[in-house]
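To keep things clear, I will list the structure first and then write my remarks on it.
Numbering of ligands and ligand atoms starts at 1, following listing order.
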Amino acid sequence: MWAPKRIDITTADLAAGLVGCFTPADHAREALIFEAELSSAKDLLVCTSVRSGFDALLTALRLPAGTEILFTAMTVADMPRIAKYHDLVPVPVDVDIDSMAPRVEALEEVVTSACRVLVLTHLFGGRIDFSTSISWARRRGMVVIEDCAEAYWDPAYLGDPRADVSLFSFGPIKHRTALGGAVVRITRADLLARVRRVIAEHPAQKSSQYAARLLKYGVLHKISARVSYAALLRMTRWFGVDHDRLVNDLTRGFGQNDFVRTIRQRPCLALIRMLRRRVQGTARPMEQREQRGRMLAAELGPSVICPGVASGPHSFWIFPVMSADPVSVLRALREAGFDATVGRSFALVEGHSGNGCRNAARVIEQAIYLPFYPQMPDSELLRMAQVVRQFESTIQSERLQTEVLPVADRTGSTPESQLSGDR
Ligand SMILES: *Cc1c(COP(=O)(O)O)cnc(C)c1O
């Protein structure tokens with residue numbers, strides 16, 4: 001059985017991380033050295049997580065209560081939650097399913113004079129071209145924040161230079177993980193200095209906590225790599241645990257308790273060292289992932305919608321496909337040995353925008369996330385594509401027989417027009 005996700009780290013990294021937890025040295029100095037190594041422009045800052053960086057940024061921006069903050073309508077729930085904590089009002093902007101970029105008409109539809117910030121989220125591993133949205137926001141004098149948590153880190157790509165802020169995550173399920181940590185680029189020097197001052201006042205994360213995390217994920221890592229994943233699944237079923245939830249919860253960074261206290265921490269030295277190690281170490285080139293992702297998309301064929309596939313370059317951090325019946329396709333995939341998930345970590349940003357964000361809502365309701373990582377051979381990717389394709393063509397033809405034809409008989413219209421009306 002192929003697990004939904006593998007943690008992208010080696011045992012050597014974990015061991016080095018643990019050693020780092022017991023080495024005393026100067027935090028602040030090491031952070032500055034690392035930041036300077038990554039960018040000569042002195043525009044980077046390391047944080048404990050993207051959420052920590054985003055929270056510090058909102059503190060530094062000191063926006064009046066009730067200010068509206070536009071968000072790509074689909075993201076991880078914690079981001080709008082942080083905005084709300086700062087008394088800001090998140091406003092969702094609907095996306096185009098093929099690119100997962102905001103639609104300009106949607107921006108126009110929701111914007112009010114109270115909007116001061118735009119958060120653009122690079123979903124699923126693509127580096128989405130946000131040119132249009134950025135120019136749109138610039139014309140209105142908004143602060144532009146780019147959430148690159150899912151985009152592939154590469155020293156040559158520090159985010160869109162036209163954005164004010166770009167946030168990169170090295171959290172547990174992300175590419176090249178350091179089991180935490182984030183690199184934040186802030187192009188405005190005054191804003192960077194303010195965010196630095198906010199973070200400097202936060203208590204430092206305890207290295208013992210980081211060590212505990214390394215150990216926890218070390219165990220998970222071993223399980224997903226060595227012990228049969230199918231056995232783990234059976235075990236969780238015996239104990240009546242919802243395994244989909246288990247996988248999602250285990251791979252989440254923080255619990256629900258004391259959320260804000262947890263994110264308001266400076267990174268510990270061990271985390272900074274691990275970030276340095278992960279960022280400087282060799283990694284599989286993104287092109288390799290992209291090429292395999294494109295192959296999988298091609299094999300799925302034009303009738304299976306893969307949200308975000310049209311943006312590029314794309315690392316396919318995760319691989320979503322839409323299905324009219326996500327629960328059944330998930331079951332069919334599990335029977336074939338592929339443990340896909342419904343992606344509970346994603347949420348629709350709640351807000352008051354008109355008739356809602358139909359495309360984003362559809363992706364959240366209908367997308368399932370296929371296992372997709374380097375350890376899976378091409379032959380398995382092709383077999384997985386076949387399962388999805390066959391399943392989708394079966395339900396499409398079943399729908400034709402059970403739903404569309406009787407309606408078509410009554411109205412005298414063709415099945416084709418019914419089908420397209422259905423979409
Ligand atoms: C993972 C993720 C985050 C949070 O990153 P952390 O570093 O864990 O705080 C934020 N936004 C998106 C889109 C993410 O996928």
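- Ring centroid separation for the pair F130 and H122 comes in under the 6.0 Å cut-off.
- Every atom of ligand 1 with a heavy atom of T121 under 4.0 Å away is listed here by number and element: 13 (C).
- With respect to F124, the ring pair (Phe, Tyr, Trp, His ring centres under 6.0 Å) criterion is satisfied by exactly one of F372, F346, Y152: F346.
- The salt bridge (Lys or Arg N to Asp or Glu O under 4.0 Å) test with D13 singles out one residue from R176, R276, R273, R278, and that residue is R278.
- Proximity annotation for atom 15 (O) of ligand 1: of E150, M79, H122, E150 comes nearest, heavy atoms only.
- Listed by number with element, the atoms of ligand 1 under 4.0 Å from a non-hydrogen atom of V50 are 5 (O), 6 (P), 7 (O), 9 (O), 10 (C).
- Both the backbone and the side chain of S49 come within 4.0 Å of ligand 1, judged by heavy-atom distances.
- With M142 as the partner, the side-chain contact (heavy atoms from CB on, under 4.5 Å) test is satisfied by one option alone out of L70, I69, D164, I134: L70.
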Evaluate the criterion side-chain hydrogen bond (donor to acceptor under 3.5 Å, both in side chains) for residue pair S303 and E392; output intermediate values, then yes/no.
-> CA-CA 8 Å; S303 62; E392 288 303 309; over 6 Å; no

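- The atoms of ligand 1 that sit less than 4.0 Å from any heavy atom of S169 are 5 (O), 6 (P), 7 (O), 8 (O).
- Residue K174 places a heavy atom under 4.0 Å from ligand 1.
- Contacts of R51 with ligand 1, taken as heavy-atom pairs under 4.0 Å, involve both backbone and side chain.
- For R362 and E365, the salt-bridge test fails: no basic side-chain N is under 4.0 Å from an acidic carboxylate O.
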